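Step one of this worksheet: look at the structure below.
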Amino acid sequence: MKTSPLLLALALAAPLADAKKSDFVNLFDGKTLDGWTQRNGTATYKVVDNTIVGTTAKGSPNSFLCTNKLYGNFELLFEVKVHDNLNSGVQIRSQSKGGTPEGRVNGPQVEIEACCESGYIYGEAAGGWMTPKALLKPHKHFKKGQWNSYRVLAEGARIQTWINGTQISDLVDEEKLKTHPKGFIGLQVHGVGKRGPFDVAWRNIKIREIK
C-alpha cells in the first residue's frame, strides 16, 4: 500500500511533537466550505474531489478563504498543490482590518510556491518578510506539480515549518506575537493581474490546538 505524503510527513515528524492522530480535528470536511468565510478578492473557492480549489480571477487582489474560528498555539497539517505560475500561502494567526470580510487580511503567512521560498514566513500586509533575508535560502523540498505536505507548529513567538518531512524554518518573532497572538487560518490565492487563470488546491487540512 502506498503511503500518502501527509502520513509520511507525520511519521518523519513524530519525534518533534507529542501528539496523537486523535488530537487533530479536520478543518475541511471534504464536501463543503462550512466553517470558512472568504475575505478580500474575487478568486473562487470550490470543493472538487475532496479538495478545496482556489482559482484566480483577472484583476483581483489577493483573496483568502478563512476559518471562522481563531487559533493561537497549534499544530497545523495540510497538503497543497499549486500551479507553477501562482504564488500562494496559508495565513496563520491572521486578522482582517475592522474585523469584516472586506477589511484587509493581515498577519503571518506560510509561503507556498513552486520554487524557492516555500515554507518561509511572510508578513502579509504586516511588514513583509518575517524570515530574515539571510535565512531566505532557496531550496528544492517543494515538488512541482505534486502534492506537498506541510506541517506548521506555532507556540508563542516561535513558528516552525516543515515541507515533506524536512524542516524549512524555525523563526522566533516576539514583536509579531504582540500584534498577532491569535487569528484565523487563511488559504490565499494571490492576485495575478490579467494573467491566468491559475489554481491552487488543498486537502487533508487538520489542526491540533496547544493549550
Side-chain angles (χ1 to χ4, degrees), residues 1-13 24 26-33 36 38 40-66 75-92 108-122 124 129 131 135-153 159-169 185-207:
M1 181 181 293
K2 188 175 180 180
T3 303
S4 76
L6 182 62
L7 292 179
L8 176 60
L10 276 170
L12 292 172
F24 287 87
N26 292 317
L27 289 181
F28 169 50
D29 62 16
K31 299 178 181 179
T32 71
L33 296 180
W36 298 80
Q38 183 166 348
N40 303 171
T42 57
T44 59
Y45 293 88
K46 296 181 179 180
V47 177
V48 180
D49 296 331
N50 296 311
T51 70
I52 297 176
V53 178
T55 304
T56 60
K58 289 185 177 181
S60 173
N62 295 350
S63 304
F64 306 86
L65 183 68
C66 307
E75 182 175 6
L76 175 68
L77 306 174
F78 62 88
E79 291 176 273
V80 62
K81 182 166 62 173
V82 65
H83 191 286
D84 287 358
N85 293 325
L86 181 62
N87 171 281
S88 181
V90 168
Q91 297 294 133
I92 61 173
Q109 178 191 115
V110 181
E111 188 75 8
I112 296 170
E113 63 170 346
C115 185
C116 319
E117 296 174 340
S118 289
Y120 295 121
I121 311 300
Y122 182 78
E124 175 75 18
W129 283 110
T131 298
L135 298 180
L136 282 172
K137 299 178 179 179
H139 64 81
K140 296 182 179 180
H141 298 296
F142 189 97
K143 302 181 185 303
K144 290 185 178 182
Q146 300 180 39
W147 286 102
N148 292 270
S149 62
Y150 271 63
R151 175 179 178 237
V152 181
L153 186 60
I159 301 173
Q160 301 178 77
T161 66
W162 291 259
I163 296 177
N164 298 322
T166 297
Q167 185 161 22
I168 304 300
S169 179
I185 308 294
L187 312 181
Q188 184 203 53
V189 174
H190 204 284
V192 293
K194 295 182 179 180
R195 298 181 300 132
F198 308 127
D199 58 57
V200 53
W202 294 267
R203 69 184 185 186
N204 295 326
I205 310 171
K206 303 174 185 292
I207 198 165

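Predicted model, so just to flag it, every value in this text is computed and none were measured.
- Although no hydrogens or angles enter the test, the distance criterion places no donor-acceptor pair under 3.5 Å between the side chain of T55 and the main chain of D199.
- Interatomic distance, CH2 of W147 versus CD of E79, reported as 7.0 Å (0.5 Å rounding).
- Note that the CD1 atom of I185 and the CD1 atom of I207 stand 4.5 Å from one another [nearest 0.5 Å].
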Evaluation steps, side chain to side chain contact (heavy atoms under 4.5 Å, CB included), between I52 and I205: CA-CA 10 Å; I52 297 176; I205 310 171; 4.1 Å; yes

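- Between the side chain of W36 and the backbone N or O of L27, at least one donor-acceptor pair lies under 3.5 Å.
- Side chain of Q160 to backbone of R151: no donor-acceptor contact under 3.5 angstrom is found.
- N26 contributes no side-chain N or O that, together with a main-chain N or O of D29, makes up a donor-acceptor pair within less than 3.5 Å.
- K137 contributes atom NZ, which lies 14.5 Å from atom SG of C116 (distance to the nearest 0.5 angstrom).
- Taken from OG in S169 to CG in L153, the straight-line distance is 11.5 Å, to the nearest 0.5 Å.
- In this structure a side-chain-to-backbone donor-acceptor pair under 3.5 Å is missing from Y120 to W129.
- For the side chain to side chain contact (heavy atoms under 4.5 Å, CB included) with F142, the lone residue among I168, N164, T166, V80 that qualifies is V80.
- The closest donor-acceptor contact from the side chain of H141 to the backbone of Q167 lies at 3.5 Å or more, if one exists at all.
- Ring-plane geometry between Y150 and F78 is classed as parallel, the angle between the planes falling under 30 degrees on a 0 to 90 degree scale with a further cut at 60.
- At least one donor-acceptor pair under 3.5 Å links the side chain of Y45 to the backbone N or O of L187.
- Of the options I112, N87, V110, V200, a side chain to side chain contact (heavy atoms under 4.5 Å, CB included) to Q188 is made by N87 and by none of the others.
- Rounding to the nearest 0.5 Å gives a distance of 8.0 Å between CD of Q109 and CG of N62.
- Contact between L65 and Q38 at its shortest, heavy atoms only, is CD1-N, 3.9 Å.
- When every heavy atom of G145 is checked against every heavy atom of D84, the shortest pair comes out as N-OD1, 4.3 Å.
- Nearest heavy-atom pair, K58 versus K194, reported as atom, atom and distance to 0.1 Å: CE-O, 3.3 Å.
- For the residue pair F64 and C66, the shortest heavy atom distance occurs at CB-SG, 3.6 Å.
- Side-chain N or O atoms of S118 include one that pairs as donor or acceptor with a backbone N or O of E113 at under 3.5 Å.
- Closest heavy-atom contact between V192 and F198: CG1-CD1, 4.0 Å.
- Each of V152, V90, I92 was compared with P108 under the side chain to side chain contact (heavy atoms under 4.5 Å, CB included) criterion, and only I92 meets it.
- Side-chain atoms of N204 and N50, non-hydrogen and from C-beta on, never get closer than 4.5 Å to each other.
- Annotation: the span from N85 atom CG to H190 atom NE2 amounts to 13.5 Å, rounded to 0.5 Å.
- The two atoms that bring S88 and W202 nearest to each other are OG-CZ2, 3.5 Å, heavy atoms only.
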Residues T131, E117; criterion side chain to side chain contact (heavy atoms under 4.5 Å, CB included); working and verdict: CA-CA 10 Å; T131 298; E117 296 174 340; over 6 Å; no

